[in-house]
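Report on the structure given below.
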There are 2 protein chains.
Amino acid sequence: MAPVTMSDVARVAGVSVMTVSNVVNGRPRVSAETRLRVLEVVADLGYEVNLTAKRLRAGRTGTVALVVPRFDHPYFGELAGRFATLLGEKGLHLAVEQSGASREGELSAVSHARLHMYDGVILSVVGLHYDDVDRLRTDLPIVLLGEQVVPERFDHVMMANVEGARLATAHLLERGSRRVAMAGGTPSGPSTGASELRSEGWRAAHRDAGLEPPEDLLVPMPDLEAATAHRVVAEALARARERGALPDAVFAVTDQVSLGVRAALHDAGLRVPQDVRLIGFDDLGLVQHVPPGLSSVDPHNGWIVERATDLLLSRIAGSTEPPQHLVAPASIAARASTA
Amino acid sequence: MAPVTMSDVARVAGVSVMTVSNVVNGRPRVSAETRLRVLEVVADLGYEVNLTAKRLRAGRTGTVALVVPRFDHPYFGELAGRFATLLGEKGLHLAVEQSGASREGELSAVSHARLHMYDGVILSVVGLHYDDVDRLRTDLPIVLLGEQVVPERFDHVMMANVEGARLATAHLLERGSRRVAMAGGTPSGPSTGASELRSEGWRAAHRDAGLEPPEDLLVPMPDLEAATAHRVVAEALARARERGALPDAVFAVTDQVSLGVRAALHDAGLRVPQDVRLIGFDDLGLVQHVPPGLSSVDPHNGWIVERATDLLLSRIAGSTEPPQHLVAPASIAARASTA
DNA sequence: CTGAAAGCGCTAACAA
DNA sequence: TTGTTAGCGCTTTCAG
């Protein structure tokens with residue numbers, strides 16, 4: 001039951017460990033017959049390399065981590081899938097880590113010791129404070145993903161939050177909507193997160209159209225879960241209806257929220273798009289299958305993943321270019337919900 | 001930029017590496033002043049343990065892997081989130097690995113070398129062949145998740161596939177549906193996967209009700225993606241409509257499929273539940289927000305995760321109990337789609 | 001083509 | 001209380 005090591009193989013095959021190493025790693029200078037004999041013993045004994053030892057020796061782990069706030073959000077699932085595929089093609093291995101909703105979990109996930117296990121880290125900074133990020137070791141290649149304002153010294157790939165939100169809102173206004181609510185929107189303030197930035201885009205689109213942003217149509221939320229959106233929007237609709245001031249369109253800050261909004265509209269007997277148009281943000285694969293087909297802002301995740309991977313790999317390879325701060329393009333995926 | 005090691009700290013602090021190790025790991029027998037001096041140097045130099053070395057030495061990694069077929073399926077995201085939380089409470093770290101859709105990817109994910117990095121593995125066997133599983137090393141604690149028939153020697157936690165499907169179908173029949181289609185169902189055959197087992201449950205419910213299972217209402221699918229279900233069911237509905245033989249209910253083999261079915265029904269102008277009742281399987285968090293609220297079989301993921309974690313931890317702790325084969329309870333989460 | 005020596009960074013065991 | 005020795009399993013380097 002004790003693991004079989006190289007020296008076990010070496011002993012049985014009557015060669016040195018080094019020769020076993022050479023055979024196992026397919027290095028050239030080994031005679032065909034020695035190679036054959038070693039491989040036979042390897043198969044016999046069921047030898048397998050000890051990656052930990054290999055890593056200690058190599059000083060590299062061959063693994064990259066993606067740290068996301070939560071495993072159970074489809075957005076991060078899609079992102080992780082893309083990273084895994086791309087990194088796999090480059091011969092690297094992806095481990096996904098959850099930083100958790102709690103601040104504690106986030107700090108532990110980005111703790112130096114844990115990051116030390118990896119050759120590089122792609123870190124989604126949602127929910128991290130500037131100082132937490134600033135405290136990260138700089139001798140480890142790190143690429144930041146997300147919307148926070150982050151220290152200059154890091155490579156950073158972000159979504160076109162303002163522009164995407166502006167496009168979505170303009171899309172609604174162009175189609176004749178005049179009371180465009182924003183689910184998950186926030187009152188004007190310091191632009192720290194996605195909600196704030198996207199709210200800015202919502203305002204910009206109104207101004208572009210010569211309209212005053214209707215701040216009373218911002219519907220803030222404690223979090224961006226579908227269930228929360230469902231509940232909060234249901235309440236907001238009830239109040240609006242009492243006042244006879246229903247919106248004729250909703251821009252949801254994320255597709256998760258859009259889902260909740262869709263449910264609340266359904267419960268309220270409002271048809272999409274006839275009574276209320278609806279558009280979300282993220283273009284999750286599933287929203288096209290939610291009746292009647294939900295429009296969304298496509299944040300070009302493919303682009304984001306490719307750029308982040310390129311940046312990380314070039315850092316791992318030792319690049320000392322000045323840090324890059326990239327913004328992905330955004331476009332509208334128009335579906336029946338905004339027809 | 002070269003990483004700071006214990007001996008760096010030791011040299012600067014004027015003590016031995018062992019003392020540094022003792023301080024860093026909070027071991028008792030160190031004088032207060034030595035401890036203080038060492039900690040100061042640690043902070044100064046920005047020393048951090050090298051987990052790889054620690055692991056090589058310890059022979060354990062403190063990390064458990066969850067291997068799932070895909071990152072981008074909400075079901076696995078939910079599962080991973082639960083495991084991460086539970087294992088975190090027990091002081092273990094979870095790394096999630098994607099085995100990929102391809103057989104190649106699956107084999108590489110369960111390759112011995114890769115599993116070697118972990119103290120234990122929770123492996124979702126969807127898509128793996130019996131032989132692949134049988135080839136897994138036995139000197140590593142492994143808990144299998146999923147529906148396959150697997151070698152006896154492994155601990156195995158599975159869903160109540162047959163029973164859950166039977167409950168779902170009975171739920172529809174009880175409400176008066178008489179033409180209950182099964183989206184993603186498969187003709188009778190060897191019960192190897194979830195589709196087959198759930199189709200058996202669908203048959204059992206019919207027989208229990210004294211009905212002949214209407215095999216012509218099985219709608220097979222090449223995969224269980226929402227998009228595939230959307231397309232395949234749309235075609236099936238068109239054909240059924242021509243024949244004047246529409247179903248009055250659909251049991252979808254998974255919630256992903258249920259989503260696609262919902263979309264196809266919508267496109268076909270069929271109302272849920274008035275024209276067609278609909279129920280899925282998995283009880284993903286999001287289905288309650290898909291109009292009109294989709295019923296589903298709750299597979300009790302919490303139970304599954306707890307049992308799997310318990311089994312794994314006791315194996316890691318050295319338990320030599322005979323392997324367990326557990327089946328989770330199942331129940332119906334009834335919502336408006338089957339009202 | 002093959003092997004011996006050294007050491008990656010850490011800690012258990014023993015010595016002082 | 002602190003230090004020394006040895007070695008986890010592997011690979012780089014250099015010698016044969």
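First the proteins, then the strands, lettered A, B, ... as listed; each starts at 1.
- Summarising the geometry, the separation between CG on B:L56 and P on D:dT11 is reported as 12 Å, rounded to the nearest angstrom.
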Worked check of salt bridge (Lys or Arg N to Asp or Glu O under 4.0 Å) between A:D72 and B:R82: CA-CA 9 Å; A:D72 60 0; B:R82 287 176 188 271; over 6 Å; no

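- When the P atom of C:dT2 is taken as reference, atom CZ of A:R11 falls 20 Å away, rounded to whole Å.
- Counting to the nearest Å, the P atom of D:dC14 and the CG atom of A:N22 are 16 Å from each other.
- Here the shortest heavy-atom pairing between B:G146 and B:H156 reads O-NE2, 2.7 Å.
- Contact between the side-chain N/O atoms of B:T34 and the OP1/OP2 oxygens of D:dT2 is found at a separation under 4.0 Å.
- In this structure, A:L51 places its CG atom 14 Å from P of D:dG9, rounding to the nearest Å.
- The CZ-C1' distance, from A:R57 to D:dG7, rounds to 15 Å in whole Å.
- The side chain of A:K54 sits closest to D:dT11 out of C:dT2, C:dC10, D:dT11.
- Residue B:N25 has a polar side-chain atom (N or O) positioned under 4.0 Å from OP1 or OP2 of C:dT11.
- Remark: P of C:dC10 and CZ of B:R27 are 12 Å apart, rounded to the nearest angstrom.
- Comparing C:dC8, C:dC10, C:dA13 by their closest approach to the side chain of B:M18 singles out C:dA13.
- Summarising the geometry, atom OG1 belonging to B:T52 is positioned 9.0 Å from atom CG belonging to B:L56; distances are rounded to the nearest 0.5 Å.
- The shortest heavy-atom contact between B:F71 and B:Q98 is N-NE2, 3.1 Å.
- C:dC10 atom C1' lies 14 Å from atom CZ of B:R60, rounded to whole Å.
- Between B:R55 atom CZ and C:dC8 atom C1' there is a gap of 16 Å when expressed in whole angstrom units.
- Not a single donor-acceptor contact under 3.5 angstrom links the side-chain atoms of B:R29 to the base of D:dT1.
- Proximity note for A:S16 (side chain, C-beta onward) versus C:dT11, D:dT11, C:dG3: the nearest is C:dG3.
- Positionally, the nearest nucleotide of DNA chain D for B:A32 lies more toward the 5' end than for the other of B:A32 and B:A53.
- Residue A:T19 has no polar side-chain atom (N or O) positioned under 4.0 Å from OP1 or OP2 of C:dT2.
- Look at A:T5 and you won't find any side-chain N or O under 4.0 angstrom from OP1 or OP2 of D:dC8.
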Steps toward side chain to side chain donor-acceptor pair (under 3.5 Å) verdict (A:E225, A:H73): CA-CA 9 Å; A:E225 303 293 317; A:H73 272 43; 3.2 Å; yes

